[in-house]
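Some notes on the structure that comes next.
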Amino acid sequence: MATSELPNEEFVLPKQKTIWDTILRMLRRQPLGSAGALVILIMGFAGLFAEQIAPFDPEMENFEYMLSPPGTVHEETGKVFYFGTDSFGRDQLSRMIYGARTALLVGFTASFFGAFLGLVLGVASAYFGGTVDLVLQRVCDVFMAFPLIIMALAIVSIFGTGVEMVIIAITIPFIPNCARVVRSSALALKELPYIDAARSVGYSHVRIIMRHMVPNVMAPFLIMLTAFVGQAILTEASLSYLGMGVQEPTAAWGLMLQGGAEEYAESAPWVPIWPGVAITLAVFGFNLFGDAVRDVLDPKLRSQV
Amino acid sequence: MYTYIIKRMLMLFPTLFGAAVVVFLLLRLIPGDVCMLKFGGEGGYADPEQIAQCQELLRLNDPKIKQFYDYISGFVTFDLGKSMWTQQDVTHEIAIRFPLSLQIAIMATLVSVLIAVPLGVISAAKQNTLIDYFVRAISIAGIAMPSFWLGIVIILGLLIATQAWTGVPWMPPIFYKPIWVDPAHNLSQLIWPALATGYRYSSVATRMTRSAMLDVLREDYVRTARAKGLIERVIVNKHALKNAMLPVVTVIGIEFAFLMGGLVVTEQVFNLNGVGKLFVESVTQADYTLTQSLVMLVVFIYVVINFLVDLMYAWLDPRIRYS
């Protein structure tokens with residue numbers, strides 16, 4: 001009897017993996033990364049559905065409710081200012097929810113374009129080698145000698161402020177960083193026979209770079225991309241705090257800390273505390289998630305920082 | 001070794017030159033010159049006289065090549081021109097603020113080393129224990145926390161703590177006095193920004209110390225030391241730590257170079273009149289002569305420190321020989 005059952009067992013199809021199995025597996029293997037992913041999901045949800053979630057209009061000024069402490073009730077609507085109001089009487093919670101949108105927009109756009117342009121440049125630099133490589137790498141050297149915030153400020157000083165300019169200002173310094181990392185992976189790739197094969201068939205440089213090499217350096221690209229998002233959010237907050245980033249009345253976390261946050265430190269501590277908590281949590285989340293991505297995609301990198 | 005030092009020193013110049021070119025291109029070759037941008041506004045009226053004066057000051061009417069030559073020779077001779085805002089020499093504007101920023105940078109680096117090395121070593125020696133997790137959480141939080149917010153929280157904490165203990169809220173002094181004039185006054189003002197910046201910069205160094213220690217602790221000679229019965233503390237402190245310091249020194253050196261960037265924001269929070277604040281002001285006031293000089297100053301510091309870090313490698317690890 002036992003022998004006749006064996007073949008049957010072998011033919012049982014493996015249980016289809018549900019999305020829950022995948023999530024559970026990730027929770028077990030990367031608990032910190034999952035925590036990061038959770039923060040990102042909450043932030044993404046807040047950013048996407050800001051209109052539905054936020055109790056107040058983030059730009060609505062209520063001068064009779066200036067610097068109200070958390071828990072104050074708005075008498076006309078009966079709604080509560082859960083996190084208090086700022087010096088214009090605007091609801092802090094609503095501004096934080098809309099601020100998530102700004103942070104994500106700047107964070108993702110700047111990181112994506114920075115990492116993508118770096119990817120293409122890095123692969124091209126490795127592929128062409130020789131003079132092209134030398135020149136591109138020296139240019140990268142030069143750009144990497146500027147600290148991120150200094151470069152960003154210099155760019156903003158020329159092109160002006162506002163969300164789009166901030167994105168450009170953060171994107172440009174990311175490019176050489178990613179190019180450098182991608183190049184080192186692409187150098188090894190270039191020596192593989194299938195690249196020679198592609199060349200011998202007569203494919204164009206663009207095709208070889210974009211179709212044959214770029215897909216194979218996705219691991220460092222994704223690692224850099226996730227690492228950039230947190231940095232981009234932090235830089236956007238710093239720029240906005242300095243008054244050189246996102247401009248009023250747009251809701252942005254750094255902007256909420258600007259202009260007198262120190263002044264109100266004692267009389268209205270909720271004004272400086274909450275936006276800072278939001279920035280810290282967001283960057284924390286992206287960093288944890290980025291670390292997990294790195295561990296999964298490239299265990300070798302783990303020992304570096 | 002000496003040939004290496006000289007070669008490496010000569011390598012500094014292309015980078016510096018490249019950075020100067022980038023700054024020049026950014027500020028001079030963008031559509032519409034900087035003077036139009038400064039005085040013109042958006043379609044508003046621009047006083048032609050003002051613009052002419054500004055163009056004269058920046059020598060924008062000269063041929064581009066001549067401009068570039070003047071600009072580069074300005075750096076070489078330390079004649080950086082006059083600030084467009086205050087009409088003072090740029091060199092003077094920077095010189096009066098530099099000691100303050102340098103002091104914060106050095107103090108912040110000290111803070112960062114004092115936090116990072118002990119925490120990193122403990123964390124590695126007690127890998128995967130509660131202490132390790134705690135240290136790692138602290139260091140990841142340090143990277144995530146904006147230093148300007150940490151600064152605000154420190155001020156808030158000071159106010160609340162002094163209010164509770166002495167009944168009178170206390171704030172760090174506002175006016176700067178050099179450390180050789182009034183050390184107590186000086187330190188009570190600058191220790192807070194140094195803490196805020198230092199904590200943030202300690203994070204990467206802590207992680208670096210931890211991972212370098214973990215690598216070294218797995219090496220054969222450490223196993224030998226254990227086998228011959230040395231106590232763990234001696235192994236960690238005397239045998240492993242020195243060899244683990246190499247990457248840590250790199251990270252700390254590079255961070256010192258980047259500290260100038262960090263100070264831009266911290267000086268704003270603590271309202272300190274240093275180079276960082278000057279940079280933000282120069283950007284806000286579209287003071288291009290000042291902005292370009294400050295950017296070059298930061299790049300110069302970065303490049304030189306990188307060079308020194310490279311040299312320290314050989315000193316710390318005799319196995320490294322440059323050829």
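Because the structure is predicted, anything quoted here is derived from the model rather than measured. In what follows, every chain begins at residue 1, and chains take the letters A, B, ... in the order their sequences are listed. Quick note: numbers below take in every heavy atom, side chains included, and nothing from hydrogens, waters or symmetry partners.
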Whatever's closer than 4.5 Å to a heavy atom in chain B on A/Val277 counts as both
Given heavy-atom pairs under 4.5 angstrom as the criterion, report whether the side chain, backbone, both or neither of A/Phe143 touches chain B. side chain
[X] versus chain A, the contacting section by heavy-atom distance below 4.5 Å:
{"X": "B/Ile143", "value": "both"}
{"X": "B/Val299", "value": "both"}
{"X": "B/Val280", "value": "side chain"}
{"X": "B/Val283", "value": "both"}

Taking [atom1] in [X] as the centre, count heavy atoms belonging to other residues, nucleotides or ligands within less than 6.0 Å. Is the count above 12?
{"X": "B/Phe300", "atom1": "CZ", "result": "no"}
{"X": "A/Phe146", "atom1": "CZ", "result": "yes"}
{"X": "B/Phe75", "atom1": "CZ", "result": "yes"}
{"X": "B/Leu10", "atom1": "CG", "result": "yes"}

Enter the distance from A/Ile150:CD1 to B/Met296:CE here, rounded to the nearest 0.5 Å. 12.5 Å
Considering only residues two or more places apart or on different chains, which pairs with a residue in residues 137-160 of chain B satisfy side-chain hydrogen bond (donor to acceptor under 3.5 Å, both in side chains)? none
Heavy-atom nearest pair, A/Val142 first then B/Gly18, reads CG1-C, 3.5 Å
Contact summary for B/Ala144 and A/Thr280, nearest pair of heavy atoms: CB-O, 3.5 Å
Test side-chain contact (heavy atoms from CB on, under 4.5 Å) applied to A/Tyr241 and B/Val269, step by step: CA-CA 10 Å; A/Tyr241 169 75; B/Val269 181; 3.2 Å; yes
Which one of [options] has the most heavy-atom pairs closer than 4.5 Å to chain B?
{"options": "A/Asp141, A/Asn287, A/Ile273", "answer": "A/Ile273"}
{"options": "A/Ile279, A/Val156, A/Leu32", "answer": "A/Ile279"}
{"options": "A/Met144, A/Arg138, A/Gln231, A/Met151", "answer": "A/Met144"}
{"options": "A/Leu242, A/Leu239, A/Ile149, A/Asp291", "answer": "A/Leu242"}

Which residue out of B/Val22, B/Asn306, B/Thr291, B/Leu150 racks up the most heavy-atom pairs below 4.5 Å with chain A? B/Val22
Sole candidate of B/Val295, B/Val298, B/Leu263 that passes side chain to side chain contact (heavy atoms under 4.5 Å, CB included) when paired with A/Pro147: B/Val298
